[in-house]
Amino acid sequence: MAPAQASVSDWSCKQVARWLREEGFTNYVELLCTQHRLDGTSLLALTEADLRGPPLGLSVLGDIKRLALALRRLQSHNQAQLEELGLRPPDSLQSNGSTLCSTGPDWGVDGVGHRCNGTEIRQRNCDRLGVGSGGGPCQVYSNGRCRPHLAGRLDPELWKTALSSVYVMLVFGFTSFVMVIVHERVPDMKAYPPLPDIFLDSVPRIPWAFAMAEACGLILCYIVILILLLHKHRSIVFRRLCSLMGTVFLLRCFTMFVTSLSVPGQHLQCASKMYGDTWGKLQRALAIWSGFGMSLTGVHTCGDYMFSGHTVVITILNFFVTEYTPRSWNLIHTISWVLNLFGIFFILAAHEHYSIDVFIAFYITTRLFLYYHTLANTRAYQQSRRARIWFPMFSFFECNVNGPVPNQYHWPFNRPSIMKTLIG
């Protein structure tokens, strides 16, 4: 079947071409050996997913299957070399990229009504890394270091989730302190009247609107808490929520500190207020932090206009609801978007922010959310050196998450069992 004078891992491109001809794949010698310079080592690591996907892109199903079986036979006869290369020998021929579904206690919904434990997605991702149907281990690269990962399993990495929680709480505390500093620098309302704003000049102020905006945010918050409670991969979802929320608010600290806009309405009793020494500032910052910066808790701030923190929270909660629930849950998605849009309208109707504050907050939040999840769902970008340099926190939190997180739900407690039965 193959030349016996040298081990497969030592084969040259010419010896690989000879093996292909002996196996009956003469038509692919030019593609594999001439164009892509396939040698013995790369031949042992070749998988069916490599044959199907770019840059090879084989389109004849029979040839793909026959070549995949020939590769498995070759790998099974060279297990020692596979181990030397860091690839696990094929244990069986049972996995051809087929869907592996579970009938266990998890009641995950994949968006089209199928009950599946997410192994299919993980198996495809492992195939792209050089495993899966052929049988090597799924390799996960952790900041340049490689460690084996079990296919079909997403590691919750609770310590990273705890670290992201600390990060977002520190950012909230720093934001509260910056808000105190900003309040001391609020422009005098007599010298700097409200800026012209098409929306604020056209829509009369609604006194109770800001409370309604915060009520919309609270409802969205309760929905997200319920999703986190029931989501099988709640640790990863919560980690992403904390990292995104903290990053946006850290950017907000910078924008509202460098530029102080005039107060958007005469109804706001805002004036430059001094809090004395550093201890007084810290006490005020603690009051803002403990009250979550909400007027419903008695917190009233001035000067933190560019950009709207309420819009950031409402928008990011909405996007997490729609991202981490199945696409078939149209009612939940509609409610979430209605709360998001009405919350933004109420913020503007209360004349608490300029229109540009709300627009920039919505734009930055949505773009950052989309960029983050695009990188997280694309393994090639996630493991690139550029990602580790420009997005170190993203690379750190997401280095061991392979591809999209499946939307699977299960009752997190053993009791009461009646709730598990009702939900399931």
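- Inspection of the Asp39 and Ser42 side chains reveals an N or O donor paired with an N or O acceptor under 3.5 Å.
- Every side-chain hydrogen bond (donor to acceptor under 3.5 Å, both in side chains) that Tyr28 has, sequence neighbours left out, goes to Asp63.
- Between Tyr409 and Trp329, a ring centre-to-centre spacing shorter than 6.0 Å is recorded.
- No side-chain donor-acceptor contact under 3.5 Å links Ser308 and Asp357.
- Remark: Ile364 engages Leu251, Phe307, Ile360 in a side chain to side chain contact (heavy atoms under 4.5 Å, CB included) (not counting sequence neighbours).
- With respect to Phe369, the ring-ring contact (aromatic ring centres under 6.0 Å, His included) criterion is satisfied by exactly one of Phe362, Tyr363, Phe320: Phe320.
- His233 and Gln408 share a donor-acceptor pair across their side chains, judged by distance under 3.5 Å alone.
- The aromatic rings of Tyr324 and His373 are tilted relative to each other, their planes meeting at an angle between 30° and 60°.
- Here Phe199 pairs with Asp197, Val203, Phe345, Leu348, Ser355 under the side chain to side chain contact (heavy atoms under 4.5 Å, CB included) rule; sequence neighbours left out.
- A salt bridge links Lys65 with Glu48: at least one charged nitrogen is closer than 4.0 Å to a carboxylate oxygen.
- Ion pairing between a basic and an acidic side chain is recognised when a charged N comes within 4.0 Å of a carboxylate O; Glu23 and Arg73 show such pairing.
- For the ring-ring contact (aromatic ring centres under 6.0 Å, His included) test with Phe172, the passing option among Phe177, Tyr167, Phe249 is Phe249; the others fail.
- In this structure, the side chains of Asn407 and Glu323 stay at 4.5 Å or more apart for every pair of heavy atoms.
- Ring to ring, Trp337 and Phe319 are close: their centroids are under 6.0 angstrom apart.
- Checked against a 6.0 Å centroid threshold, the rings of Trp159 and Phe396 count as neighbours.
- A donor atom on one side chain and an acceptor atom on the other are found under 3.5 Å apart for Tyr354 and Ser262.
- For the residue pair His333 / Thr325, a side-chain donor-acceptor distance below 3.5 Å is found, with atom types taken as modelled.
- Side-chain atoms of Glu157 and Ser235 form no donor-acceptor pair, as typed in the model, at a separation below 3.5 Å.
- By the 4.5 Å heavy-atom criterion applied to side chains, Lys160 and Cys399 are counted as neighbours.
- Contact check on Arg240 versus Glu398 returns a salt bridge, with a Lys/Arg side-chain nitrogen under 4.0 Å from an Asp/Glu carboxylate oxygen.
- For Phe394 and Tyr372, the gap between ring centers is short of 6.0 Å.
- Between Glu184 and Lys281, some side-chain heavy-atom pair lies under the 4.5 Å cut-off.
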